[in-house]
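Report on the structure given below.
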Amino acid sequence: MRAVIQRVTEASVKVAGECVGRIDAGLVVLLGVEKGDSEQDAEYMSEKIIGLRIFADDQDRMNMSVVDIGGSVLMISQFTLLGDVRKGRRPSFTSAAEPELADKLYQHCNQLLRLQGLTVATGIFRADMQVQLINDGPVTILLDSKKLF
């Protein structure tokens with residue numbers, strides 16, 4: 001799994017002009033599921049998302065997590081994170097998981113976050129979405145469950 005995580009002051013996602021998910025302060029997570037990913041990858045990602053200390057404490061140091069600040073998560077499924085552009089100019093998405101597996105692991109990751117008490121808003125899987133956000137900092141973190149060491 002790959003994720004782009006952005007610290008935000010607010011974010012929303014629209015499908016066909018209708019807002020389907022919105023958060024105030026928290027994290028926007030763009031999540032791509034790769035062939036070969038499993039529930040273990042979703043568990044790794046959810047633990048990292050929950051524990052990332054990228055919010056400022058009272059001394060203005062990045063020392064607090066989304067849980068610590070009472071924030072929310074806007075989770076967006078994004079297979080294009082698996083795009084390979086090493087050859088030619090058009091991305092190849094052959095490493096992206098089949099939609100059934102990708103949706104299952106995307107939903108599992110969302111559920112794991114909710115079980116930890118987080119409010120999780122989502123887009124609509126496989127929909128054409130428009131995401132709006134105010135990146136706070138800006139702070140952007142890249143995660144890849146295949147790069148554990």
Side-chain angles (χ1 to χ4, degrees), residues 1-35 37-39 41-85 90-93 95-147:
M1 273 184 188
R2 289 188 190 156
V4 173
I5 301 169
Q6 296 178 302
R7 185 179 77 182
V8 300
T9 56
E10 63 183 72
S12 64
V13 58
K14 292 181 181 180
V15 175
E18 180 182 336
C19 183
V20 296
R22 183 185 181 295
I23 65 167
D24 290 319
L27 300 172
V28 169
V29 179
L30 307 175
L31 185 72
V33 181
E34 193 170 5
K35 287 179 182 173
D37 282 345
S38 67
E39 288 186 359
D41 294 277
E43 291 161 8
Y44 170 81
M45 282 295 183
S46 65
E47 288 174 17
K48 282 293 192 181
I49 292 164
I50 290 165
L52 277 176
R53 297 181 345 178
I54 59 173
F55 292 90
D57 63 14
D58 57 358
Q59 296 170 351
D60 206 28
R61 287 192 288 191
M62 284 199 282
N63 202 28
M64 299 182 77
S65 71
V66 68
V67 173
D68 296 332
I69 66 149
S72 302
V73 173
L74 176 60
M75 181 77 78
I76 305 294
S77 175
Q78 183 146 1
F79 80 95
T80 60
L81 291 178
L82 286 300
D84 184 349
V85 293
R90 192 165 86 181
S92 168
F93 300 106
S95 67
E98 295 298 320
E100 296 76 25
L101 175 64
D103 188 29
K104 175 185 169 192
L105 294 178
Y106 166 73
Q107 298 299 342
H108 184 55
C109 196
N110 291 334
Q111 184 61 22
L112 291 169
L113 296 175
R114 289 181 180 116
L115 287 172
Q116 295 299 315
L118 281 171
T119 298
V120 180
T122 65
I124 297 176
F125 187 80
R126 295 185 82 180
D128 183 20
M129 296 176 273
Q130 291 74 49
V131 180
Q132 294 180 308
L133 60 94
I134 298 176
N135 190 325
D136 183 23
V139 175
T140 302
I141 304 293
L142 303 175
L143 287 179
D144 191 323
S145 64
K146 301 297 188 254
K147 295 181 180 177

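Here the structure is a predicted model, which means the values were calculated and not measured.
- The aromatic rings of F93 and F79 sit perpendicular, their planes meeting at an angle over 60°, well past the 30° parallel limit.
- P91 and G83 make their closest contact through CB-CA, 4.3 Å (heavy atoms, listed as atom of the first residue, atom of the second, distance).
- Residues L27 and F55 meet the side-chain proximity criterion, which asks for heavy atoms closer than 4.5 Å.
- Scanning both residues, A11 and V28, for their nearest heavy atoms gives CB-CG2, 3.4 Å.
- A salt bridge is defined here as a Lys NZ or Arg NE, NH1 or NH2 lying under 4.0 Å from an Asp or Glu carboxylate O, and D128 with R126 fails to meet this definition.
- Side-chain contact check for M75 versus I49: some heavy-atom pair is nearer than 4.5 Å.
- Using a 4.5 Å cut-off on side-chain heavy atoms (C-beta onward), D41 and K146 make contact.
- Side chain of R7 to backbone of I54: a donor-acceptor contact under 3.5 angstrom is found.
- Side-chain atoms of R2 and Q78, non-hydrogen and from C-beta on, never get closer than 4.5 Å to each other.
- Here Q111 contributes atom CD and S46 contributes atom OG; the two are 10.5 Å apart, rounded to the nearest 0.5 Å.
- Summarising the geometry, atom CG belonging to L52 is positioned 10.0 Å from atom CE belonging to M62; distances are rounded to the nearest 0.5 Å.
- In terms of heavy-atom proximity, R22 sits nearest to C19 at CB-SG, 4.1 Å.
- Taking OG1 from T122 and CG from L31, the interatomic distance works out to 12.0 Å, rounded to the nearest 0.5 Å.
- Here CD of E34 is found 7.5 Å from OG of S145. Values are rounded to the nearest 0.5 Å.
- Side chains of I23 and T119 form no contact here, defined as non-hydrogen atoms less than 4.5 Å apart.
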Evaluation steps, side chain to side chain contact (heavy atoms under 4.5 Å, CB included), between V4 and T140 | CA-CA 7 Å; V4 173; T140 302; 3.8 Å; yes

List the steps and the verdict of side chain to side chain contact (heavy atoms under 4.5 Å, CB included) for E39 and L105.
-> CA-CA 6 Å; E39 288 186 359; L105 294 178; 4.0 Å; yes

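- Nearest heavy-atom pair across A3 and V29 is CB-CG1, 4.2 Å.
- At least one side-chain heavy atom of I50 sits under 4.5 Å from a side-chain heavy atom of L113.
- Between the side chains of D103 and S77, no donor-acceptor pair of N or O atoms lies under 3.5 Å.
- Considering every non-hydrogen atom in both S65 and D68, the closest pair reads N-OD2, 2.9 Å.
- Remark: of the listed residues M45, K104, R114, M45 is the sole one forming a side chain to side chain contact (heavy atoms under 4.5 Å, CB included) with C109.
- At least one donor-acceptor pair closer than 3.5 Å links the side chain of D37 to the backbone N or O of M1.
- With values rounded to the nearest 0.5 angstrom, M64 atom CE is found 7.5 Å from I69 atom CD1.
- Separating the CG atom in L74 from the CG atom in L30 is a distance of 8.5 Å, to the nearest 0.5 Å.
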